[in-house]
Amino acid sequence: MFDFKTVPHLIFETGAAAKLADYASPRMKRPMLTTDKGVVDAGLIDPTLESLKAAGMEVLFYDQVEADPPARTIKEAVAAARDHGADGVIGFGGGSSLDTAKLIAVLAPAGAQALEDVYGADQVRGDRLRLILTPTTAGTGSEVTSISVVTSDDDQKIGVVSDQLYADLAIVDASLTLTAPRHVTAATGIDAMVHAIEAYTSKIKKNPISDALAKEALKLLSANIARACDHPGDVKAREAMALGATLAGQAFANAPVAAVHAMAYPLGALFHVPHGLSNALMLAPVLKFNAPVAAAQYAELADAIGVSAPFSNTVSATVSTEAKAAAFVDEITALCRATGVDQTLESVGVSHNALPKMAEDVMKIDRLLKNNPRQMTYDDALRLYTEVL
């Protein structure tokens, strides 16, 4: 038995963002458009904003979204939406912009809850504003998830999980990723691969649909991430990455992520390491940690992405599950290294003095750790951080 949920309407089309007004009207007249300064500086938002204004919409343009959105920013944005009388929210950007848009949509209506009241799972009550999400990175999958992550006032990354956070419409336009710098393409692409892998090995809600999505996502991502990094103008590679990220998002929205994300969160909250890079740093050590328990699933993923070179001269029936799992871990680790992302915690400003606090914070994220195929203790978390220092 299982259930599976996703957004009710998904448009995957290169160039679709410039036509966003066609999809937003007539149900939005006074939308709030949320994004960040990086998207604005890159010029990505201009065609969309122009189309909305040309359609006669009174747009509140909000470009103050911050990475790992802090609670104060969410509250400021909600107040601005109320003052504007917003009848809808359009999230345009990376995961932080989309997560911010989701929370504005549920918190801006009159009489809505306070932000702190919706922390955790299934705490959102009441109606929300109409919601459209358009990602500019191929990574977070936030356009098709029911999750927003907030950095609380005490520097904890807290999840808000509710079906109310599923958008009415997700528009995935790969052309928005063409100008992404190599380090962004790499980190967000690895983030998406983490989503696929952790969804496939999720302990509690793994199901046949999430499995199929996760496998297809990982095939697309692993086959195209190096190409997208080395040849950023390759539209086909960018489309494959965008589709892979969206499929992985649908997978982990139903089969939740686990210890890689739990160990990544303190890096973002305490050191402001971008989320994708945080996941990239912790992926290899957690894969190795989980391998004794998740070997069968890793072997299946090895088959899915064609990790066969080590076994080319071996009768397939004689190849052990453990050997395939080890080859899978090696392949994913090599892919991460080939993209050029940072490989150590020291390279992003983390010192050994911070590791005990980080390990303590990991242990507080039970909503993710309970999904991990292998139980993780404080000592395990500290050791894994130390390995990648």
Side-chain angles (χ1 to χ4, degrees), residues 7-11 13 15-66 69-115 117-118 124-136 142-144 146 148 150 160 162-173 176:
V7 296
H9 190 183
L10 170 67
I11 295 171
E13 178 187 351
K19 302 181 289 184
L20 196 147
D22 296 341
Y23 308 118
S25 61
R27 298 184 63 180
M28 286 187 186
K29 299 295 184 183
R30 298 178 60 83
M32 181 179 190
L33 177 59
T34 68
T35 190
D36 64 73
K37 294 290 189 183
V39 170
V40 175
D41 291 344
L44 297 177
I45 197 75
D46 295 342
T48 297
L49 186 58
E50 289 168 7
S51 75
L52 294 172
K53 291 180 177 178
M57 298 185 191
E58 297 183 45
V59 182
L60 172 61
F61 183 55
Y62 184 87
D63 62 357
Q64 302 300 307
V65 174
E66 301 173 60
R72 57 173 172 74
T73 300
I74 302 294
K75 293 173 184 178
E76 290 170 1
V78 168
R82 288 177 177 170
D83 289 343
H84 180 65
D87 60 2
V89 185
I90 300 169
F92 191 104
S96 295
S97 292
L98 305 191
D99 282 4
T100 298
K102 293 177 185 179
L103 292 171
I104 295 169
V106 298
L107 300 176
Q113 298 158 278
L115 175 59
D117 294 336
V118 300
V124 176
R125 306 286 181 262
D127 296 328
R128 63 154 170 78
L129 302 180
R130 184 163 175 79
L131 180 62
I132 298 176
L133 300 177
T134 300
T136 58
S142 186
E143 69 275 7
V144 290
S146 60
S148 285
V150 181
V160 178
S162 171
D163 288 351
Q164 287 282 65
L165 299 186
Y166 279 121
D168 296 291
L169 170 64
I171 299 175
V172 181
D173 177 354
L176 298 175

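- Thr35 places a side-chain N or O within donor-acceptor distance of the main-chain N or O of Phe92, the cut-off being under 3.5 Å.
- The 12-atom threshold is not exceeded at CG of Asp127, counting heavy atoms of other residues, nucleotides or ligands nearer than 6.0 Å.
- Residues Leu131 and Ala101 approach most closely at CD1-O, 3.8 Å, considering heavy atoms.
- Scanning all heavy atoms of the two residues, the minimum distance from Ala21 to Ala55 falls at CB-CB, 3.9 Å.
- For the atom pair Thr73 OG1 and Gln64 CD, the distance stands at 8.5 Å (nearest 0.5 Å).
- The closest donor-acceptor contact from the side chain of Gln113 to the backbone of Arg125 lies under 3.5 Å.
- If you take CG on Leu169 and CZ on Arg130, they are separated by 7.0 Å, rounding to the nearest 0.5 Å.
- The two residues Ile171 and Ala17 have their closest heavy-atom pair at CG2-N, 4.4 Å.
- With contacts defined as side-chain heavy-atom distances shorter than 4.5 Å, the pair Phe61/Lys53 does not qualify.
- Annotation for Ser142 and Leu133: closest pair O-CD1, 3.8 Å, computed over non-hydrogen atoms.
- Here the closest heavy-atom approach between residue Leu129 and residue Gly88 is recorded as CB-CA, 4.0 Å.
- Side-chain N or O atoms of Asp173 include one that pairs as donor or acceptor with a backbone N or O of Ala16 at under 3.5 Å.
- How far CG of Leu98 is from CD1 of Ile132: 12.5 Å, rounded to the nearest 0.5 Å.
- With hydrogens and angles ignored, the 3.5 Å screen pairs a side-chain donor or acceptor of Arg82 with a backbone N or O of Leu107.
- Here the shortest heavy-atom pairing between Ala81 and Met32 reads CB-SD, 3.4 Å.
- Remark: the backbone N or O of Gly126 is paired with a side-chain donor or acceptor of Gln164 at under 3.5 angstrom.
- Note that CD1 of Ile74 and CG of Leu103 are 5.0 Å apart. Values are rounded to the nearest 0.5 Å.
- Under the 3.5 Å distance criterion, the side-chain polar atoms of Arg30 are matched with a main-chain donor or acceptor of His84.
- Remark: Leu20 CG to Met57 CE distance equals 8.0 Å, nearest 0.5 Å.
- Side chain of Lys102 to main chain of Val160: no donor-acceptor pair is present (N/O by atom type, distance under 3.5 Å, no hydrogens or angles).
- Here the side chains of Ile90 and Leu52 are in contact, with some heavy-atom distance below 4.5 Å.
- With contacts defined as side-chain heavy-atom distances shorter than 4.5 Å, the pair Asp63/Ile45 does not qualify.
- Here the side chains of Lys75 and Leu115 are in contact, with some heavy-atom distance below 4.5 Å.
- Atoms CD and CG, on Glu58 and Asp87 in that order, are 9.5 Å from each other to the nearest 0.5 Å.
- For the pair Leu165/Val106, a side-chain contact is recorded, criterion being any heavy-atom separation below 4.5 Å from C-beta on.
- Annotation: side chain of Asp168 is not in contact with side chain of Arg27 (no heavy-atom distance under 4.5 Å).
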